[in-house]
Amino acid sequence: MSALKDVDDLNAAEARDEHARLAREIATHDKHYYQNDAPKISDAAYDRLRQRLEAIESRYPELVDLLSPTQRVGSAPSGKFGEIKHAVPMLSLGNAFNDEDVADFIARIRRFLGLGDDEPVVITAEPKIDGLSASLRYEKGRLVSGATRGDGASGEDVTRNLLTLDDIPENLPGSSWPDVLEVRGEVYMSHEDFALLNSRQVEAGKPEYKNPRNAAAGSLRQIDPAVTARRPLRFFAYAWGEVSAPLATTQYDAVERFKALGFPTNPLMQRCQTLDDVLAVYRDIEAKRAALGYDIDGVVYKADRLDWQERLGFVARAPRWAIAHKFPAEQATTLLEGIDIQVGRTGSLTPVARLKPVTVGGVVVSNATLHNEDEIARKDVRVGDTVVVQRAGDVIPQIVRVTDPDRPGRAEPFQFPTRCPVCDSQAVREHDEKSGKLDAVRRCTGGLICAAQLIERLKHFVSRKAFDIEGMGTKQIEAFHTEGLVRQPADIFTLRRRNDADEIIPPIQEREGWGETSAANLFNAIDERRAIALARVINALGIRHVGENTAALLARTYTSWTAFKSASETLSDETVRAEMLDIDGLGPAAVEALEQYFSEPHNRDMLDALASELDIQNAETVASDSPVAGKTVVFTGTLERMTRDEAKAKAQSLGAKVAGSVSKKTDYLVAGPGAGSKAKKAADLGVETLSEDDWFKLIGEG
Ligand code: IVH
């Protein structure tokens, strides 16, 4: 966030762009949080996004529209359950992040109500429970429906699930209740029950829940209420929706009535007379936090007098009479015992801090992310240092800083490896071709020989634009890889042989999901692809910067596997390198990547094994006598006799260069119906425009 401009410095256009971007980003996070029960960012990071959006809206109020997140609460119901429209909307709360924000909150109430300085503003303070809110509708003392918050206007009908909670009465005791009473509060799970549930999940081979809040949400939103019944959910009542008669005259007394009706209410709720009282309760609750046995993420303050609440009303999604004072991200200090490097599925090397285990906000942390090597250098984090670790919400813990950077006898600065710790291939940082900036991420160049990347690479290898083996998709590759049957591309082509020689036990046709016919079909499909075009083989290798187009260019230039391989292996030779760099449409990044790739002996071994199984077909040499050889062609509009891919391949096979946009260098624009700006540009530049039929005539196929 620090790199962002101050909101006051944004001009109207920048504000509009950023507002739109933030609104989209917030909507995505809302969806992860509310519908998938799986947040992707910490609450603190989310709050920062919202704060910035709100700041922009307060400076440019015209940007507030119905789609703005400030006008919505949560996200729309997920569709699994029936929908219940809330008689009174279920709102959200504004946030206070420090004492000053709290003082402002109380000052705002005073100002809004026109209160004199000596008039006390009584405020209730209570923990903000980190669960999910629910609304329970009682008619004549009997529970008739229960709903989640949903988007605030309507939520999911989880009545039967809510009824399984011991904390929620089906019938209210006595008779002193309003005929219509909507009790609202938080459904949550205790730490103890959360741990128990997760251990049961593990035993049953099911995924663990990330935190008590997600466990509560996941448990409440079970289609089968019998499952919810087995989940130890609890409830605190703290608010209400529609009521046919007033509950009390103050917030505090209204909650007392809930208590009398048999609802659990939070014992830490207090009435405060002054700002100092309020802040003292905050610190007290914060101090008790770790021992509470359930998650809270702040303290909620509410104006106690209900007539004042009424007058104060709402702004957008939140009441003026209440605010949530959030706890800061939790931190702890511990020893950095080591730095490990993890290799991701796409080859990225990520440094992970190994920590002496420490409790941060009730969770034992022994790893933290260090993001990348620049981050390590920036924070100058070294093995043996004492570091501050921070855990904010659900994100992976982070290292904030080193506490003792001047300590004598400190280790040397961390040397980030330049070889992959998994496969020992070179690991490189690339320069962005356009900006020239160095990529923050270092990547392993091992590709198919790197165990960390193998599955992703194999999936690419068999994909449609590469080997395109029928019946061999993601699922099969994953299974064959897990079962150890395919460890490198060549293994795909030796499957039949090994299977026939009883080297695969049990044989594929006897494995689950397979039979004689399907196994035979697979082997035949594999055999059909032994004879394969050079361009496909090159593309299949998944070398960085060598995609489909570059593979086609290389194939057409070198025509045979042997020539391509020998050129790629000798790129240190100036002539060979210059020749490759000379290929129109092929950039230096691809040459660099090829050089790295072919300089690795294990890649060469892997390729030899593969090539010995294949019959790699020479690419058609470029017809230099074709009428379009050396010409630059652009295709636009809807082509009717061929697909865009076909058109491109044909043109390339005739020695033409296919470009994506019209320029002075363009020789022909082939325009189908619906051609727009490109046709105009061609006309402006005097570029010859052909119809699809003209094109076929030109290449002698008309
Ligand atoms: S009062 C109109 N009190 O926080 C305001 N909310 O960020 C009604 N929450 O949706 C909310 N503990 O899920 C209130 N003691 C508490 C709360 C609380 C947790 C949740 C609730 C609400 C969210 C707002």
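Hydrogens, waters and symmetry mates play no part in the numbers below; they use all other heavy atoms, side chains included.
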Quick one: pull up [atom1] in [X] and [atom2] in [Y] and give me the separation to the nearest 0.5 Å.
X: R311; Y: F112; atom1: CZ; atom2: CZ; answer: 8.5 Å
X: I56; Y: Q51; atom1: CD1; atom2: CD; answer: 12.0 Å
X: R137; Y: E182; atom1: CZ; atom2: CD; answer: 5.0 Å
X: T334; Y: K356; atom1: OG1; atom2: NZ; answer: 6.0 Å
X: E208; Y: R200; atom1: CD; atom2: CZ; answer: 13.0 Å

Ring-ring centroid check Y294 F236, cutoff 6.0 Å: yes
Ring-ring centroid check F194 Y209, cutoff 6.0 Å: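 No, they do not, as the ring centres are separated by 6.0 Å or more.
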Result of checking D276, D99, D277 against R283 for salt bridge (charged side-chain N to carboxylate O under 4.0 Å, His left out):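 One option only clears the test, and that one is D99.
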Least distance between heavy atoms, I455 atom then I477 atom: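 Minimum heavy-atom contact is O-CG2, 4.3 Å.
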Parallel, tilted or perpendicular: rings of F263 and Y138 (30°, 60°): perpendicular
Parallel, tilted or perpendicular: rings of Y282 and H325 (30°, 60°): parallel
Is a donor on one side and an acceptor on the other found under 3.5 Å between the side chain of [X] and the backbone of [Y]?
X: R257; Y: L247; result: yes
X: Q251; Y: Y238; result: yes
X: R160; Y: P225; result: no

Full working for side chain to side chain contact (heavy atoms under 4.5 Å, CB included) between L181 and L172: CA-CA 10 Å; L181 169 61; L172 299 178; 4.0 Å; yes
Evaluation steps, side chain to side chain contact (heavy atoms under 4.5 Å, CB included), between R149 and R184: CA-CA 10 Å; R149 181 168 74 166; R184 292 180 175 174; over 6 Å; no
Option passing side-chain hydrogen bond (donor to acceptor under 3.5 Å, both in side chains) with T250 (candidates Q309, R305, R271): R271
Would you mind checking if [Y] and [X] are paired as a salt bridge, meaning a charged N to carboxylate O distance below 4.0 Å?
X: K475; Y: E478; result: no
X: R213; Y: D130; result: yes
X: R234; Y: D166; result: no

Residues V360, Q390; criterion side chain to side chain contact (heavy atoms under 4.5 Å, CB included); working and verdict: CA-CA 7 Å; V360 191; Q390 170 171 305; over 6 Å; no
Residues S133 and E186: side-chain donor-acceptor under 3.5 angstrom: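 Side chains of S133 and E186: no pair found under 3.5 Å.
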Working for side chain to side chain contact (heavy atoms under 4.5 Å, CB included), residues E286 and F327: CA-CA 8 Å; E286 191 179 25; F327 291 133; 3.5 Å; yes
Other residues, nucleotides, ligands: >12 heavy atoms within 6.0 Å of E119 CD: yes
